[in-house]
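Quick note: numbers below take in every heavy atom, side chains included, and nothing from hydrogens, waters or symmetry partners. For ligands, and for the atoms within them, numbers begin at 1 and follow the listed sequence.
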Amino acid sequence: MSLLRKILLIEILKGLSLTLKKLLFHKPVTIQFPEKDYVIPAPGFRGRHALVRDPNTGDTLCIACMRCVKVCPSKCIYIEYEVDVNERKRKITRYDIDALRCVYCGYCEEVCPVNAIVLTEYFSYIGFTREELYFDKEALLKNWDEFISTQKRPYMNPFWKPRGYPEKLLPIKKREFKGV
Ligand code: SF4
Ligand code: SF4
């Protein structure tokens, strides 16, 4: 019997029929990017950097605490600030991220006490020069505007801490969060 199967190439024919069946009757599992809509990334996907724009001031929420600079393993965040003695607070004068050096670990967004920095879920970005992927403050704020305009529901990064963010904008789960 097994000799007959060998002579008649039964296994090969079975394999070929399976290939043909998949080819003719099954939908492809791959997606033609970017012609077709791509998959929505999972919450917490770490994509293009952005500085969250404060809806009240139109500026960044950053308070220049320098935690992100210290925690960044790639040392690709550069911040300069000045101190407003009257208001007793720091104001950033420079906030740059060299995205080509970033390893997308997400430490910066995790450590930020006011949820000012985020790795958005936007992943479809390219640059033809190094400069295009070197984001300064204005570019980072623009990245946020572009990202948030595509969001249909209130956005909450799962790595953000609830504190420092307007409570009414938090999803219930985060509002009830009593952690750090
Ligand atoms: S994601 Fe990681 S490597 Fe990239 S800027 Fe943030 S801390 Fe640095
Ligand atoms: S951790 Fe947040 S608030 Fe502190 S410097 Fe970085 S972005 Fe600004």
Side-chain angles (χ1 to χ4, degrees), residues 38-151 154-171 173-180:
Y38 47 84
V39 187
I40 298 166
F45 176 84
R46 300 192 288 263
R48 186 167 69 173
H49 316 71
L51 274 177
V52 177
R53 196 187 286 282
D54 183 346
N56 299 317
T57 64
D59 204 352
T60 166
L61 291 163
C62 177
I63 52 170
C65 70
M66 307 299 274
R67 288 185 198 186
C68 55
V69 176
K70 286 192 186 116
V71 80
C72 177
S74 310
K75 301 286 172 233
C76 63
I77 305 177
Y78 311 98
I79 297 179
E80 287 170 10
Y81 63 88
E82 55 193 30
V83 181
D84 189 328
V85 195
N86 298 327
E87 289 190 41
R88 298 178 69 192
K89 65 178 186 187
R90 295 174 178 180
K91 277 180 133 178
I92 59 163
T93 51
R94 176 191 178 197
Y95 194 117
D96 298 351
I97 294 183
D98 187 351
L100 285 178
R101 291 184 58 190
C102 172
V103 292
Y104 296 84
C105 61
Y107 288 173
C108 50
E109 61 182 350
E110 276 192 65
V111 83
C112 181
V114 290
N115 303 332
I117 177 80
V118 63
L119 296 175
T120 66
E121 287 157 19
Y122 182 66
F123 62 85
S124 174
Y125 62 106
I126 53 159
F128 293 102
T129 60
R130 291 189 73 84
E131 289 72 31
E132 284 174 75
L133 293 171
Y134 187 97
F135 302 127
D136 62 8
K137 184 183 153 200
E138 286 315 313
L140 289 163
L141 285 167
K142 192 165 156 265
N143 288 352
W144 172 255
D145 294 339
E146 280 175 14
F147 169 67
I148 205 65
S149 65
T150 63
Q151 299 302 294
Y155 174 74
M156 177 50 62
N157 188 295
F159 300 108
W160 275 354
K161 295 175 178 64
R163 66 186 173 188
Y165 201 77
E167 193 165 325
K168 59 177 190 290
L169 296 181
L170 294 172
K173 254 164 90 181
K174 287 269 185 182
R175 259 181 257 165
E176 290 167 353
F177 180 66
K178 298 277 185 278
V180 250

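Contact annotation for C68 and ligand 1: no heavy atom of the residue comes within less than 4.0 Å of the ligand. When non-hydrogen atoms are compared, ligand 2 lies under 4.0 Å from neither the backbone nor the side chain of I92. Neither the backbone nor the side chain of I117 has any atom closer than 4.0 Å to an atom of ligand 1 (non-hydrogen atoms only).
For the pair E109 (side chain) and L119 (backbone), a donor-acceptor distance under 3.5 Å is present. Looking at R46, its side chain does come within 3.5 Å of a backbone N or O of Y104 through a donor-acceptor pair.
Of the candidates A116, C112, C108, C112 brings a heavy atom nearest to atom 2 (Fe) of ligand 2. Remark: among candidates K70, R90, E109, M66, the nearest residue to atom 5 (S) of ligand 2 is M66, based on non-hydrogen atoms.
Ring-plane geometry between F147 and W144 is classed as tilted, the angle between the planes lying from 30 to 60 degrees on a 0 to 90 degree scale.
Y155 and N157 form a side-chain donor-acceptor contact under 3.5 Å, judged by distance and modelled atom types alone.
Of all the atoms in ligand 1, the ones that sit under 4.0 Å from a non-hydrogen atom of Y104 are 1 (S), 4 (Fe).
Atom 8 (Fe) of ligand 1 has an N, O or S atom of C72 under 2.8 Å away, backbone or side chain.
Distances shorter than 4.0 angstrom do not occur between any heavy atom of V71 and any atom of ligand 1.
Within 6.0 Å of the OH atom in Y107, the count of heavy atoms belonging to other residues, nucleotides or ligands does not exceed 12.
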